[in-house]
Protein chains: 2
Amino acid sequence: MQEQKRTGFQDVRDEVLRRIEDRIWPQGALLPTELELATEFGCARATVNRALRELAERGIIDRKRKSGTRVAVAPVKQAKLEIAVMRQQIEEINATYRYALVKQQQIPAPSWLASQIGLQAGAQVLHLHCMHYADNRPFQFEERWINIDAVPQVVEADFSHTGPNEWLLAEVPFSNAEITLSAVAANAQLAEFLTSSPGAPLFQMERTTWFQQQPVTFVRMTFHPGYRMSTQY
Amino acid sequence: MQEQKRTGFQDVRDEVLRRIEDRIWPQGALLPTELELATEFGCARATVNRALRELAERGIIDRKRKSGTRVAVAPVKQAKLEIAVMRQQIEEINATYRYALVKQQQIPAPSWLASQIGLQAGAQVLHLHCMHYADNRPFQFEERWINIDAVPQVVEADFSHTGPNEWLLAEVPFSNAEITLSAVAANAQLAEFLTSSPGAPLFQMERTTWFQQQPVTFVRMTFHPGYRMSTQY
DNA sequence: CAGTGGTCTAGACCACGGT
DNA sequence: CCGTGGTCTAGACCACTGG
């Protein structure tokens, strides 16, 4: 009974990875060419190509025309941070999500914001303060600025029951963004909303979002004391 | 003069992306089949397949056999955190890197560590304290535990001039890991090494690393006050 | 059962970049 | 120049899954 399935790109990928892990091909070593590997594995070159391309995307190997394929020496590890909507993130830990709008006003962009995200000085922005709760305990304090020029319909939106993030995701999907993570000390406002003591260390994530080169929103999310963000690779 | 190049998968990918951004195909919409797109773009189905596969990997579209391809509704944004070696990270900001070994001892694994990374109680581990400086200013304090069973040769290693991370990368490449980010208050030790005031908020990254199911190392890296970690997507 | 994506093939041409 | 990876093609078969 031949259980031999045809050699797929995953087989090639895994076998190459195994040889690298087992130091059959040590760091910096030159791998056989795609053609040679295709012959060895008894498959088409395109199959080998796809396998190696995936490993290259993961940073496991470096590929260069003419020079060939080498085992990466100092691989830059890439961890994928999954950024989900708060509601989803909270419901994933089996907690009840609750949202509250704290404050909403239309103002001219403060100069720090204008320079932060690249706005005209004095452009009108919508400024929001929101709270996200998990099982009625403070989870995240959100301070957000939305560029009204970029999404004029925002002035009609109702943020009293749904967070601006969910609204924006529906209006301006697939934007690109820059994220900054840091640790900050709780000021009076944060301490109050997150029920921490003033000065307590809090985890903060800031995100600037653009859509087709145009700044859309800047958000500063501060999490409850003890919050930890995890990921794997 | 026809400047028409042959339609490549990038052309297809970008055009499909454009139509999604322009709401020609709104969220949840069903895209044409690969065959239809191939006909429209005048290329092979494999080319369309590769283009759509990339968009699917980015979370822009959802693909299912038989049902077809749809524009993702609530895309989970994926930010790639690039985890580089400290030396590299510091040199990238044009600062001079300096490393110092603070303390090194072999001990039985404390129980919290054993349970944290899945070790036998009492297994021998190498415990290290290190400092990383940028332009002679404290940049990161590193506290690390290495499972000696996983890398016996570690007891011979010399960490007085090179950090354990660089050594481990050379010995145990391409491992998988779990990362946790958080904000902590500086204790006396951290305050001393990072020249911060006690209680100051500090950004901390913890990482557990395995190699082929076996726990290798756990490291707690605490950064200087004001440190910010950035990424894009 | 039949439609749609998933993958493989064998061959081809191209583009980059050492020599 | 010319070897190596990058990509495309036209066709084929497979695998999952909705109806």
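Note that the structure is a prediction, hence the values are computed from the model and not measured. Hydrogens, waters and symmetry mates are skipped; everything else that's a heavy atom, side chains included, is used. Note on naming: letters A, B, ... go to the chains in the order of the sequence lines (proteins, then strands), and numbering restarts at 1 for each one.
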Ring centres under 6.0 angstrom apart (F223(B), F141(B)): no
Contact state string [nucleotides 3-10 of chain D, B base, S sugar-phosphate only, - no protein heavy atom under 4.0 Å]: BBBBBSB-
Audit row: R53(A), E34(A), salt bridge (Lys or Arg N to Asp or Glu O under 4.0 Å) steps and yes/no: CA-CA 11 Å; R53(A) 179 153 34 87; E34(A) 293 189 344; over 6 Å; no
Mutual orientation of the aromatic rings belonging to Y99(A) and H132(A) [parallel < 30°, tilted 30-60°, perpendicular > 60°]: tilted
Row check, F9(B) ring normal vs R50(B) NZ/CZ: under 6.0 Å, within 45°: yes
Lys/Arg cation over aromatic Y133(A): R98(A), 6.0 Å, 45° cone: yes
